[in-house]
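Just so it is clear, the structure is predicted and the values come from calculations on it, not from any experiment. For reference, positions follow the sequence shown, starting with 1.
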Amino acid sequence: MQTSIHAKGDLDFDPSALHGFLSQTFGSGEADMEIERISGGQSNPTYFVTHGPRRMVLRKQPNGPLLKGAHAIDREYRVLRALKGTDVPVPEVLLYHADPGLVGTPFYLMERVEGRIFTDCALPELAVEERREIYMGLADAMARMHSVRPEDIGLADYGRPGNYFARQLARWSKQWQAAESAPIPELDKLGAWLAENLPEDGPATIAHGDFRLGNMIYHPEKPEVVAILDWELSTLGDPLADLGFCVMPWNTAPEEYGGTLGKDLAALGLPDEEDFVARYMAGRAGSAPLAPFHKAFALYRFAVIFVGIAERVRTGNAAGTNASDLAPLARSFAVRGWNIARTGHPTGDLT
């Protein structure tokens, strides 16, 4: 019986070799395969793969030269496999393939989790009375992730110990200083303030690095996270870095990457930042409090990321279709972070 391959989207490899590999690996015999690229953007290319009865997701590196340590999908596979035996909701990983011969780079396969993904922080697709609990489910999932002891699941060496914020600040400051960008005085001031106000290290946990609403799959009907996605930036670090990043929507405006600052949260049925943080803290007994530093650092980091996107737009190397829209946000995020550093609030006069 002749089999077929149905490809959708912009594939960056010939799927024929993958088809044969999957048939051999899973003992599926002659099975049809469907493959569809679902994301790429600034991250790791991702595909839906259906092979016979199996519904999977394939994650690979981008083709071409990569910066050292970037797009480390072997680390994604490792942390997902380690977390599967815990109460942290993650997809089940099926295999990791290091040989680039099949799809051009190493890749891994995981189960496809069915559910809902929300990309708009205002949750317009939901009834008003449903929205608050979606955010409470987000806080609960993060608290469970941070409650796992890395050494208990074989991840004691998943990141460098100590000086997490100092190392992170040095990394992002170096990237900003090397950028061929127009001056952003607020970003310089914010970086200096962060260096002068580094907090003491707390116990290291698994730090996701991109923990936000859009990286969650929710139960089809319940306000529960059933899978945390996109572990590309994960390491061991201070859990308050994730929390500071996750509250960014409350500290940025709708035109600034989809924040909720300035919206009538009560009318929309959305919790305020304090409610969200309180729910997280209820699941993390003994946690240090979220401080202006943590929120300002998250905004500094994202501002530098937007500087990098602007650089790629300028040189014609931007990968995402909306890259030119994101490039001007560097100063916006720097301003928000500098306001938080000075006043504790993202809005305010810059004079």
Chemist: Kindly indicate, with the supporting measurements, whether the criterion side chain to side chain contact (heavy atoms under 4.5 Å, CB included) is fulfilled by Met56 and Leu58.
Modeler: CA-CA 7 Å; Met56 301 171 285; Leu58 183 149; over 6 Å; no

Chemist: Distance check, rounded to the nearest 0.5 Å: Leu299 atom CG versus Asn339 atom CG?
Modeler: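 Between atom CG of Leu299 and atom CG of Asn339 there are 10.0 Å.
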
Chemist: With a 4.5 Å cut-off on side-chain heavy atoms, are Arg54 and Leu22 touching?
Modeler: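 Result no, sub-4.5 Å side-chain heavy-atom pair not found.
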
Chemist: Please check this pair: side chain of Tyr164 against backbone of Pro239, looking for a donor-acceptor N/O pair closer than 3.5 Å.
Modeler: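 Side chain of Tyr164 to backbone of Pro239: no pair is present.
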
Chemist: Establish whether Tyr218 and Val128 are linked, either directly or via other cluster members, by ILVMFWY side-chain heavy-atom contacts under 4.5 Å.
Modeler: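 No; tracing contacts between hydrophobic side chains, which count when under 4.5 Å, never links both residues.
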
Chemist: Group every Ile, Leu, Val, Met, Phe, Trp and Tyr by side-chain heavy-atom contacts under 4.5 Å, then state whether Leu138 and Leu265 land in the same group.
Modeler: yes

Chemist: Does any N or O in the side chain of Asp201 come within less than 3.5 Å of the main-chain N or O of Asn163, such that one atom is a donor and the other an acceptor?
Modeler: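 Yes, the answer is positive, given that a donor and an acceptor are paired below the 3.5 Å cut-off.
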
Chemist: So which heavy atom on Leu11 is nearest to which on Lys8, and how close?
Modeler: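 Heavy atoms only, the tightest pair is CD2-O, 3.8 Å.
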
Chemist: Please report the shortest heavy-atom distance between Pro15 and Ile35, naming the atom on each side.
Modeler: CB-CG2, 4.3 Å

Chemist: Mark yes or no for whether Asp242, through its side chain, and Gly209, through its backbone, hold a donor-acceptor pair below 3.5 Å.
Modeler: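 Yes, the answer is positive, given that a donor and an acceptor are paired below the 3.5 Å cut-off.
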
Chemist: With a 4.5 Å limit on heavy-atom distance, are the side chains of Pro346 and Trp250 in contact?
Modeler: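 Pro346 vs Trp250: side chains apart.
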
Chemist: Within the distance-only criterion (no hydrogens, no angle test), does the side chain of Arg132 pair as donor or acceptor with the backbone N or O of Pro271 below 3.5 angstrom?
Modeler: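 No, the answer is negative, given that no donor and acceptor are paired below the 3.5 Å cut-off.
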
Chemist: Please state whether the rings of Phe302 and Phe306 are parallel, tilted or perpendicular, taking 30° and 60° as the class boundaries.
Modeler: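 The rings of Phe302 and Phe306 stand perpendicular, inter-plane angle above 60°.
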
Chemist: Once ring pair (Phe, Tyr, Trp, His ring centres under 6.0 Å) is applied, do any residues pair with Phe211, and if so which ones, sequence neighbours excluded?
Modeler: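 Applying ring pair (Phe, Tyr, Trp, His ring centres under 6.0 Å) to Phe211 gives His208.
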
Chemist: Could you report the tightest heavy-atom contact between His6 and Ser4, atom names first, then the distance?
Modeler: NE2-OG, 3.1 Å

Chemist: Side chains of Ser234 and Tyr158: any donor to acceptor distance under 3.5 Å?
Modeler: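 The answer is yes; a qualifying pair exists.
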
Chemist: How close do Ala253 and Arg336 get, counting heavy atoms only, and between which atoms?
Modeler: CB-NH2, 3.8 Å

Chemist: Find the distance between CZ (Phe107) and OH (Tyr96) and round it off to the nearest 0.5 Å.
Modeler: 10.0 Å

Chemist: I'd like to know whether CD of Glu200 has more than 12 heavy-atom contacts from other residues, nucleotides or ligands below 6.0 angstrom.
Modeler: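 No, the 6.0 Å shell around CD holds no more than 12 heavy atoms from other groups.
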
Chemist: Give the cluster check for Ile153 versus Val79: same hydrophobic cluster or not, with ILVMFWY residues linked at side-chain heavy-atom distances below 4.5 Å.
Modeler: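 Yes; Val79 is reachable from Ile153 via cluster members.
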
Chemist: Could you tell me which non-hydrogen atom of Pro106 sits nearest to which non-hydrogen atom of Ala98, and how far apart they are?
Modeler: CG-O, 3.3 Å

Chemist: Rounded to the nearest 0.5 Å, what separates atom CD1 in Ile340 from atom CZ in Arg342?
Modeler: 11.5 Å

Chemist: Regarding Arg55 and the six-membered ring of Phe48, is the cationic atom NZ or CZ under 6.0 Å from the ring centre and inside 45° of its axis?
Modeler: no

Chemist: Can Asn215 and Trp231 be counted as having a side-chain donor-acceptor contact under 3.5 angstrom?
Modeler: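 Absent: no donor and acceptor within the cut-off.
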
Chemist: Look only at the side chain of Arg331 and the backbone of Glu186, and say whether a donor-acceptor pair between them is shorter than 3.5 Å.
Modeler: no

Chemist: Could you walk me through whether Glu34 and Val49 pass side chain to side chain contact (heavy atoms under 4.5 Å, CB included), step by step?
Modeler: CA-CA 6 Å; Glu34 295 182 3; Val49 178; over 6 Å; no

Chemist: Which pair of non-hydrogen atoms, one from Asp120 and one from Leu213, has the smallest distance, and what is that distance?
Modeler: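 In this case the closest contact between Asp120 and Leu213 is O-CD2, 4.0 Å.
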
Chemist: Calculate, to the nearest 0.5 Å, the distance between atoms CD and CG belonging to Glu133 and Leu123 respectively.
Modeler: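 These two atoms lie 12.0 Å from each other.
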
Chemist: Leu229: which other cluster members, linking ILVMFWY side chains closer than 4.5 Å, directly or transitively?
Modeler: Val113, Ile117, Ile217, Val226

Chemist: Same hydrophobic cluster for Leu268 and Leu261, using side-chain heavy-atom links shorter than 4.5 Å among ILVMFWY?
Modeler: no

Chemist: Do the side chains of Val304 and Phe333 get nearer than 4.5 Å, heavy atoms only?
Modeler: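 Sidechains of Val304 and Phe333: no contact.
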
Chemist: Would you list the pairs meeting side chain to side chain donor-acceptor pair (under 3.5 Å) in which at least one residue belongs to residues 273-290, sequence neighbours left out?
Modeler: Asp140-Arg279, His146-Tyr280, Asn251-Glu273, Glu273-Lys295, Tyr280-Arg284

Chemist: Could you label the plane-to-plane angle of the Phe26 and His51 rings as parallel, tilted or perpendicular, counting under 30° as parallel and over 60° as perpendicular?
Modeler: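 Plane angle between 30° and 60°, so tilted.
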
Chemist: Is there a continuous path of hydrophobic side-chain contacts, each under 4.5 Å between heavy atoms, that joins Val307 to Leu233?
Modeler: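 Hydrophobic grouping puts Val307 apart from Leu233.
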
Chemist: How about Asp12 and Pro45: do any of their side-chain heavy atoms sit closer than 4.5 Å?
Modeler: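 Side chain of Asp12 against side chain of Pro45, heavy atoms only: contact under 4.5 Å found.
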
Chemist: Give the C-alpha distance, both sets of side-chain angles, the deciding distance and a yes or no for side chain to side chain contact (heavy atoms under 4.5 Å, CB included) between Ser16 and Ile5.
Modeler: CA-CA 8 Å; Ser16 301; Ile5 301 173; 4.2 Å; yes

Chemist: Take Arg78 and Leu155 through the test side chain to side chain contact (heavy atoms under 4.5 Å, CB included) and record every step on the way to the result.
Modeler: CA-CA 9 Å; Arg78 180 185 175 191; Leu155 294 179; 3.5 Å; yes

Chemist: For a quick check under 3.5 Å, do Arg59 and Thr46 share a side-chain donor-acceptor pair by atom type?
Modeler: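 There is such a pair (donor and acceptor under 3.5 Å, judged by atom type) between the side chains of Arg59 and Thr46.
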
Chemist: Would a distance-only check, ignoring hydrogens and angles, find a side-chain to backbone donor-acceptor pair under 3.5 Å from Tyr135 to Cys121?
Modeler: yes

Chemist: Quick one: do the Glu76 and Asn44 side chains pair a donor with an acceptor below 3.5 Å?
Modeler: yes

Chemist: Show every salt bridge (charged side-chain N to carboxylate O under 4.0 Å, His left out) that has at least one partner inside residues 83-107, sequence neighbours left out.
Modeler: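 Every candidate salt bridge (charged side-chain N to carboxylate O under 4.0 Å, His left out) pair involving residues 83-107 fails, so no pair, neighbours aside, qualifies.
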
Chemist: Could you label the plane-to-plane angle of the Tyr108 and Tyr77 rings as parallel, tilted or perpendicular, counting under 30° as parallel and over 60° as perpendicular?
Modeler: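 Aromatic pair Tyr108/Tyr77 classed tilted.
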
Chemist: What about the rings of Tyr47 and Phe13, do their centers lie closer together than 6.0 Å?
Modeler: yes

Chemist: For Arg149, is the CZ atom crowded, meaning more than 12 foreign heavy atoms sit under 6.0 Å from it?
Modeler: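 12 or below, so no.
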
Chemist: Going by salt bridge (Lys or Arg N to Asp or Glu O under 4.0 Å), name the residues that satisfy it together with Arg301, two or more places apart in sequence or in a different chain.
Modeler: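 In terms of salt bridge (Lys or Arg N to Asp or Glu O under 4.0 Å), with neighbours along the sequence ignored, Arg301 is linked to no residue.
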
Chemist: About how many Å separate CE of Met142 and CZ of Phe245, when rounded to the nearest 0.5 Å?
Modeler: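 Answer rounded to 0.5 Å: 10.5 Å.
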
Chemist: To the closest 0.5 Å, what do you measure between CD1 (Ile134) and CG (Leu126)?
Modeler: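 So the gap between those two atoms works out to 5.5 Å.
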
Chemist: Can you list everything that forms a ring pair (Phe, Tyr, Trp, His ring centres under 6.0 Å) with His294? Sequence neighbours excluded, please.
Modeler: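 For His294, the residues satisfying ring pair (Phe, Tyr, Trp, His ring centres under 6.0 Å) (neighbours in sequence not counted) are Phe165.
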
Chemist: Are any non-hydrogen side-chain atoms of Leu80 and Pro91 less than 4.5 angstrom apart?
Modeler: yes

Chemist: Does this structure show an ion pair linking Glu125 with Arg116, if we count only N-O contacts that are shorter than 4.0 Å?
Modeler: no

